[in-house]
Structures are given as C-alpha cells and as structure tokens.
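So the structure is just underneath, and the comments pick up after that.
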Amino acid sequence: MPSNSSLRLRARDTDRVDVCGLLDSAHDDGQLSDFEHRDRTKAAMSARTLTELDALVSDLQIPDKLKGSLPLPPTGPGLGLRLRPRLAIAIGAVAALGAVVYFAIGGGDDADAPDRPENVLSAPGLAQMIDELRAGYGDAVVDEATIYPEYAWIQRAEPGSPGMYQDIDYRDGLQEPDSRTGRDPKTVPVDLAQLDIPAVVGLLLGAPQTLGVATPDSIHMSVENGDHGPEVSMYLSDGRMGTSGHITAGFDGEVFSIYPATD
C-alpha cells in the first residue's frame with residue numbers, strides 16, 4: 001500500500017491531460033455517458049492530487065495500451081491501483097489525441113520557458129492574462145475578447161468616455177490600447193475574473209471528441225455577454241479535413257449548445 005504522503009502528491013498538468021485521454025477512451029467505448037464524461041473531465045482539470053485523478057478512472061476498464069496513462073498504475077489485472085513516482089508517456093490513439101489538444105492549447109512548457117505561459121488558451125495562460133488585465137486596468141471587465149493560442153484581442157469601455165472603447169492587443173503581455181469610437185451603449189460587459197478556468201479548459205480539452213474535429217489545426221475562443229449571460233464559444237477547425245464546429249457554454253462550464261463538425 002502506498003503511504004499517505006505519497007497519495008497526496010500534487011498532480012501536474014500532464015497528469016490531468018493524460019486522465020482526460022483515459023476518460024475520452026471510456027466515453028468512446030460506452031463506459032461513460034456524455035454527462036459523466038463532461039463531469040469527470042471538468043473534475044480532472046481541477047484535481048490537485050494524483051489520488052483525486054485516480055478516483056476518476058478507478059472504476060473504468062483501461063485497455064492495456066493505455067495503462068501507461070494511469071495516474072496510479074494497476075497492481076494486477078483488476079481495477080486496483082497503486083502509486084508510481086512519474087507518469088509514463090501516453091500510448092494509443094486516444095491518449096495521443098489528448099496530448100495533441102493539450103499542446104495545441106499550451107501545455108507542456110519546459111523548465112526553460114519564460115515566466116509568462118507561451119499559450120494563452122492554457123489554464124496558466126488564461127490566468128496570467130486575467131491577472132495582467134486586473135493589474136493594468138484595475139479589473140478584468142471587458143466588452144468582448146477573442147483568444148487564440150498565440151494572442152488575444154480584447155475590447156473594453158474607455159473610462160469616462162461614453163461611446164468609446166479600448167482596443168487591446170494581448171501578445172507577450174498587454175500592449176498599449178487604441179481608443180476607438182462606436183461603442184454600442186447597450187453593450188453588457190463581462191468580468192473575466194468570474195471565469196471558471198478549470199471548467200472551461202476541461203471543455204476545450206474534450207472539444208475535439210465532442211465536435212468530431214479529431215486533429216484541429218485552428219482553435220480559438222470568444223468571450224462576451226450572450227443570451228444566457230456571460231458566455232464562452234469555442235471554435236475548432238481542421239483545414240486538412242475540411243471540418244469545423246463550436247461549443248457555447250457559460251463561465252461555469254455549463255454547455256448551452258453544441259454545433260458538431262460540418263464538411
């Protein structure tokens with residue numbers, strides 16, 4: 001049996017992503033319903049320890065080729081698991097898909113990476129952008145934001161100037177804003193600080209499977225006030241296959257609509 005201290009080892013982003021790959025596999029072979037898959041993916045992205053991750057897959061049948069992705073490896077042919085010091089590289093198509101999406105949205109920074117996350121659509125990248133907005137402007141309230149892996153485009157009201165807005169480029173940090181006219185006075189802003197980052201990133205990680213865009217080469221997310229209040233819309237496309245789709249959800253990760261891939 002592992003020690004209590006071992007069971008409390010902190011999970012890494014790579015651990016969380018590998019578990020998401022296992023959940024995708026379980027959903028594909030009918031072990032998990034759509035709701036269970038979404039719920040467990042959300043939990044995986046916010047898990048703090050390897051034990052929390054293990055609890056999300058401990059009742060699943062894991063194919064031999066994917067057992068290298070388990071946070072706590074099996075002790076035998078059954079479902080029992082025990083701790084290992086490091087997570088092996090994921091093997092198999094589903095685990096590879098999870099890795100593709102993870103790196104596409106900014107995972108896997110190495111020790112030589114700069115302090116600012118390289119990819120804005122990763123959980124650390126979103127958190128950093130929001131922190132910089134709050135530091136630079138006093139809050140993270142925006143009219144809308146369009147976020148790509150490499151940069152983000154942000155609009156927010158010009159303080160003290162009705163009918164004007166600030167056009168902000170976020171690329172390697174906040175750039176100097178441009179003031180522009182033409183802001184609709186009926187615009188309802190949203191507060192990015194209210195975004196449930198683990199829930200939203202969890203949805204994004206599962207989006208290729210949900211939308212049927214297996215290997216997206218273009219990913220971006222828009223944020224604005226919508227029919228249900230503050231909303232995020234995630235757009236994925238694969239130019240090589242000619243497929244695209246998008247998901248609309250609330251800031252808490254609740255899915256409002258799914259538009260699967262179209263040719």
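Computed from heavy atoms alone, side chains included, the values below leave out hydrogens, waters and symmetry copies. The model shown is predicted, which means the values in this text are computed figures rather than measured ones. We count residues from 1, following the sequence as given.
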Check your understanding: For E231, which residues count as a side-chain hydrogen bond (donor to acceptor under 3.5 Å, both in side chains) partner, sequence neighbours excluded?
Key -> H228

Review point. What pairs meet the salt bridge (Lys or Arg N to Asp or Glu O under 4.0 Å) rule with one or both residues in residues 151-162, with sequence neighbours excluded?
Key: D139-R156

Check your understanding: Do the side chains of L60 and L22 get nearer than 4.5 Å, heavy atoms only?
Key -> no

**Study point:** Heavy-atom pair with the smallest gap, counting every atom of A261 and T243
**Key:** CB-CB, 4.0 Å

Check your understanding: Should L126 and M221 count as side-chain neighbours, where that means a heavy-atom distance under 4.5 Å?
Key -> yes

Point to revise | Test item: K186 and V188 side chains (from C-beta on) under 4.5 Å apart, heavy atoms | key: no

Check your understanding: Any side-chain heavy atom of V142 sitting closer than 4.5 Å to one from Q155?
Key -> no

Practice item. Would you tell me whether Y137 and Q166 have side-chain atoms, one donor and one acceptor, within less than 3.5 Å of each other? Key: no

Review point. Do V223 and P230 have side-chain heavy atoms sitting under 4.5 Å apart?
Key: no

Check your understanding: Do NZ/NE/NH1/NH2 and the carboxylate oxygens of D24 and R40 come within less than 4.0 Å?
Key -> no

Review point. Please walk me through it: do S233 and T248 pass side chain to side chain donor-acceptor pair (under 3.5 Å)?
Key: CA-CA 4 Å; S233 295; T248 300; 3.2 Å; yes

Point to revise | Minimal non-hydrogen separation, L203 against A249, with atom names | key: CD1-CB, 3.7 Å

**Study point:** Contacts of type ring-ring contact (aromatic ring centres under 6.0 Å, His included), residue H220, not counting sequence neighbours
**Key:** Y148, Y235

Check your understanding: Can you list the steps and then say if V190 with F251 is a side-chain contact (heavy atoms from CB on, under 4.5 Å)?
Key -> CA-CA 10 Å; V190 298; F251 272 27; 4.1 Å; yes

Review point. What do the steps show when you test I130 against I197 for side-chain contact (heavy atoms from CB on, under 4.5 Å), and what is the final call?
Key: CA-CA 10 Å; I130 292 169; I197 293 176; 4.2 Å; yes

Exercise for review: Using the test salt bridge (Lys or Arg N to Asp or Glu O under 4.0 Å), find all partners of D169 that sit at least two apart in sequence or belong to another chain.
Suggested key: R171

**Study point:** E150 and V120, any side-chain heavy atoms less than 4.5 Å apart
**Key:** no

Check your understanding: Taking all non-hydrogen atoms of both residues, which atom of A44 and which atom of L53 are closest, and how far apart?
Key -> O-CD2, 3.6 Å

Study note, to complete from the structure: Note: A214 and P208 closest approach over all heavy atoms is O-CB, 4.0 Å

Review point. Any donor and acceptor pair, going by atom type alone, linking the side chain of E144 with main-chain N or O of I154 inside 3.5 Å?
Key: no

Practice item. Tell me yes or no: between the side chains of D238 and T215, is some donor less than 3.5 Å from an acceptor? Key: yes

Exercise for review: Mind listing the closest non-hydrogen atom pair of A140 and A193 along with its distance?
Suggested key: CB-N, 3.9 Å

Review point. M234 pairs by side chain to side chain contact (heavy atoms under 4.5 Å, CB included) with which of I147, L121, L204, T210?
Key: L204

Review point. Who are the salt bridge (Lys or Arg N to Asp or Glu O under 4.0 Å) partners of D196, not counting sequence neighbours?
Key: none

Exercise for review: Could you check if a side-chain atom of L23 sits within less than 4.5 angstrom of a side-chain atom of V19, using non-hydrogen atoms only?
Suggested key: yes

Practice item. Looking only at non-hydrogen atoms, find the nearest pair between E132 and L174 and report the distance. Key: O-CD1, 3.3 Å

**Study point:** Within residues 183-209 or reaching into it, pairs that qualify as ring-ring contact (aromatic ring centres under 6.0 Å, His included) - sequence neighbours excluded
**Key:** none

